[in-house]
Amino acid sequence: MLNLPKTSLHARLTAISSRTMVVTLILISTILLFTSAWVSITQRMQEGKQRLAMFSANAAPLLVRQEKIRAEEMLETLRILPHVKSLSIFSKDGNIFTHYSSSGTPAAALEGQTGQKYHGTSITFTEQIDHNGSFVGWIQLSVDMLPVLQQMAFYLSLIIIEMLAALAIALSLQRRHLDQVIEPLNELAQHMKEVSSGQFNTRADPSGIAEFDILCDGFNSMVEQIHDRDHWLTTHLSNLEQMVEQRTRELRHAKEAAEAGSRAKSEFLATMSHEIRTPMNGVLGMTELLLSTGLDETQRQYLMAVERSGQHLLGIINDILDFSKIESGKLGLEFTPFDLCQLISETSELFVPPASKKGISLRQNLPAGTLILCCDPLRLRQVLANLLSNAIKFTDVGEIIISLRAVEILESFTKIELTVTDTGIGIPPDLQEQVFERFSQADGSTSRKYGGTGLGLAISRNLIQMMGGNLGVTSQPGSGSRFQIELWLPNTPNDTALEHPTMSANKPPALVSTSVAGHDVSFSGRVLLVEDNETNLIVAQAWLEKAGLDVRTAENGEIALRLLEQEDFDIVLMDCQMPILDGFAATRALRQLEAGSDHHQLIIAITANAMDGDRERCLAAGMDDYLSKPYTGPALRNMLLKWLPAGSVSPRPGKVEPLRPSHGKVADENVVKPGRKLRPAIDPGILEGVRAFDPEAGDELVNNLIAAYFRCMQSELPALQQALTNADATAIAQVAHKLKSSNHNVGATTLGQTFQDIEILARQSDFAAIELRMELLHKEFRRVEAALQAIPEKPTP
């Protein structure tokens, strides 16, 4: 007999039958056990009800005559019934009349309703006592169910022993019969092993089992066929290599011919498009000259029709020429410095007349000033012209908007987002990728109604991809379309650069001076500032003390809860993400302690999370309001004005110097100012705003802030790298969350945005994208480090 593998048929059949037997035995035993338990419990309940009725009848006259001694003598007869735990007789007002307990325990209180009730290992029966049709009292009987449970446990033990014995006998019989059934199959497997080793003269013998005999016949037939085919393969083996070589040669020739034909087609199209374009220019030029001569109205109409047709034909020829060059690999790009804003403005001006003719508004949303980048302006203008032409073609009413935004600016490259949005017919979602295919439009009737070859968007996407970007579309039928170009372009190598726009629409500007109430007021009261980041702590404490508040600090929620138990505070500013106990857990714990009392501690969440749903999460945890980092001094003061009692706010005495605006403020995220170089590593206006907190000790405050920043970076950057090495997305997000606000506090907005991007990527577990950001992160940190170290440390006066 063969040594069967662990997953052999014998083992599987044994396992199946064993499981079936075990489940069957367990099911039968369970049914028997529960049936016996039900019968015993039902019997005990019936006995209890009978005794309850008997004692109720005997106790009624005694209760009426108030013969308590005879009632007690009657209850003494219960001692011969060990399963009766207690019996109590109550007057109709609920007071105990007499009581018996086998354990000597005092009488329990009247249940208050008739029927039975389970109490652990006993059942309590409660009934009314009636005498001559009148209600005279209550009787309450408690029956011990422990003997029944013990009997069930004994039955369970017997059933388990019997089940194990039956299972052992069944398995023994099963093993014997399975061996007889599996033996023919094992012999067949042995024959197959011999065939696999090349012994084609072996044959399987019948076993007497119908199914196995079918397998044996099939096996014998298969061996015969293998023997015949082996002979045929041996005969043709010598010719096989020659046949393969010949077929390979034929395929190679066919491939070369197809590639040559493709190249010839592309070169032919490129040559013919160019050759046709030359006389077409002559035709159009002569037509234009003729239109400038003296013509009657009929002649002028004919010539204008010729010009329109010629221009349309020239556009088709240009598309074919460009597509042929792209397909043949002969289209090259030039990278020269140019003003992207000027290019967009000039291109859009060409489409104002056709848009106005259709009654469509053509608007621009461009950064102010110049945006000097390196690219192929001719090809970028071609792409933009194609998008504007399509927008005008497929829009009958509404408007077309051209928008430009500098999404991210690095030392060498700038990421731009150029969009063309219309209110036209739109594109169904399932056809949006099809419009970028050559000779294809979203609808077959489109070319008949609007014209076109279907090459424009295919050429535009190819050009943008050659520049290293992407062209996509978002659209809904009847709601217009939005074509978006995302492109990284090299910054200009000369000094004609630009001031960077806001890096992200989601990131609030740091320390921007805005006109808000509260600049000319001071506050009184006590504030608990719960913050684990040292730089955040320094900045927030300076703001609060500048506002006249008494500030206590805590570095985590656990310390904050201890302080709140010992001291009173008017307001708590609670960071959300902290070690040991975060702001959410601390707030929930405090709200539980306040439950049932009139006290409600005012808690304001301060967090660097500013995503959708974060405010709702803070309010759900029990916080009263929400302030996102990095917050401004005016924003914090407005929050204090909103929540502190009116008596704690008073006009600030004397002349108040207004808050100094941040030099790095950008009023519009799309504003790009001329004449500025690459954004500095730090925004000096941020530190100036910090220094303005306290004119006398502002320098010391800035020095402390910078020192705390370096301590934080030196401890957390290695932790970030280690978390990335371990692929720990949670740890990466926590460290990046902590560092992004630290950088915003010292004015390192670009580095702070990088940490915010890493936090978002960590929550998506995109470790590859984080790895790419790390090199930029370290490079930007070196810039920030050099810029901060270059700030002279002024001594404390």
Side-chain angles (χ1 to χ4, degrees), residues 318 322 331-355 361-392 399-422 456 459-471 482-505 663-680 750:
N318 287 337
D322 289 338
L331 182 66
L333 298 177
E334 296 182 358
F335 283 82
T336 58
F338 69 98
D339 183 358
L340 181 56
C341 297
Q342 181 180 355
L343 181 144
I344 296 173
S345 180
E346 292 175 352
T347 305
S348 61
E349 288 176 1
L350 299 176
F351 292 88
V352 171
S361 173
L362 181 59
R363 297 195 296 111
Q364 302 179 28
N365 184 12
L366 306 178
T370 60
L371 181 56
I372 310 299
L373 299 172
C374 291
C375 187
D376 191 326
L378 177 63
R379 295 302 178 184
L380 193 57
R381 188 190 301 271
Q382 178 183 349
V383 173
L384 180 59
N386 181 269
L387 296 180
L388 289 173
S389 176
N390 285 345
I392 294 173
E399 63 179 1
I400 299 172
I401 303 175
I402 312 167
S403 300
L404 174 65
R405 188 165 68 97
V407 179
E408 189 169 357
I409 301 180
L410 303 179
E411 190 170 354
S412 302
F413 289 87
T414 296
K415 183 179 181 181
I416 65 165
E417 181 183 272
L418 177 60
T419 60
V420 176
T421 307
D422 62 58
I459 293 171
S460 299
R461 172 172 276 190
N462 281 328
L463 289 173
I464 294 299
Q465 288 176 345
M466 290 174 66
M467 298 177 193
N470 181 54
L471 170 60
R482 181 178 185 268
F483 286 86
Q484 175 176 301
I485 297 173
E486 293 182 349
L487 193 60
W488 282 96
L489 295 178
N491 297 331
T492 177
N494 55 37
D495 292 337
T496 309
L498 66 152
E499 181 181 75
H500 290 249
T502 302
M503 301 295 286
S504 171
H663 299 296
K665 181 202 173 201
V666 180
D668 189 335
E669 67 173 353
N670 290 328
V671 172
V672 181
K673 299 181 180 180
R676 297 290 300 275
K677 295 185 178 180
L678 187 68
R679 169 184 283 181
T750 300

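Remember, it's a predicted structure, so these values are computed and weren't measured experimentally. No hydrogens, no waters, no symmetry mates; every other heavy atom, side chains included, goes into these values. We count residues from 1, following the sequence as given.
- Minimum heavy-atom separation, Phe413 to Asn491: N-ND2, 3.4 Å.
- Taking 4.5 Å as the limit, some side-chain heavy atom of Ile485 sits within range of a side-chain heavy atom of Leu387.
- The line from CG of Asp376 to OG1 of Thr336 is 6.5 Å long, rounded to the nearest 0.5 Å.
- Judged purely by atom type and a 3.5 angstrom limit, Asp339 uses its side chain to pair as donor or acceptor with the backbone of Leu371.
- Separating the CZ atom in Phe483 from the OG1 atom in Thr421 is a distance of 10.0 Å, to the nearest 0.5 Å.
- Contact record, Pro367 with Cys341: O-SG, 3.9 Å, taken as the closest heavy-atom pair.
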Checklist entry - How far apart are the C-alpha atoms of Asp422 and Ile400, what are their side-chain angles, what is the distance that settles it, and do they pass the side chain to side chain contact (heavy atoms under 4.5 Å, CB included) test? => result CA-CA 4 Å; Asp422 62 58; Ile400 299 172; 4.0 Å; yes
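- Screening residues 460-471 for salt bridge (Lys or Arg N to Asp or Glu O under 4.0 Å) gives Glu433-Arg461 as the qualifying pairs, with residues at least two apart or on separate chains.
- Each of Ile344, Leu471, Leu487, Leu340 was scored for a side chain to side chain contact (heavy atoms under 4.5 Å, CB included) with Leu418, with one residue passing: Ile344.
- In this structure, CD1 on Ile401 lies 4.0 Å from CZ on Arg363, to the nearest 0.5 angstrom.
- In this structure, Phe338 and Pro377 approach most closely via the heavy-atom pair CG-CB, 4.0 Å.
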Checklist entry - What's the verdict on side chain to side chain contact (heavy atoms under 4.5 Å, CB included) for Glu486 and Val407, showing C-alpha distance, side-chain angles and the deciding distance? => result CA-CA 9 Å; Glu486 293 182 349; Val407 179; over 6 Å; no
Checklist entry - Are Asn386 and Ile459 close enough, and set up right, to give a side chain to side chain contact (heavy atoms under 4.5 Å, CB included), and what steps lead you there? => result CA-CA 9 Å; Asn386 181 269; Ile459 293 171; over 6 Å; no
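- Scored by the side chain to side chain contact (heavy atoms under 4.5 Å, CB included) test, Thr347 finds Leu343, Phe351, Arg381, Leu384, Ala385, Leu388 as partners (sequence neighbours excluded).
- By the 4.5 Å heavy-atom criterion applied to side chains, Met466 and Arg379 are not counted as neighbours.
- Looking at every heavy atom in both residues, Leu380 comes nearest to Met467 through N-CE, 3.8 Å.
- Leu362 and Ser348 get closest at one heavy-atom pair: CD2-O, 3.3 Å.
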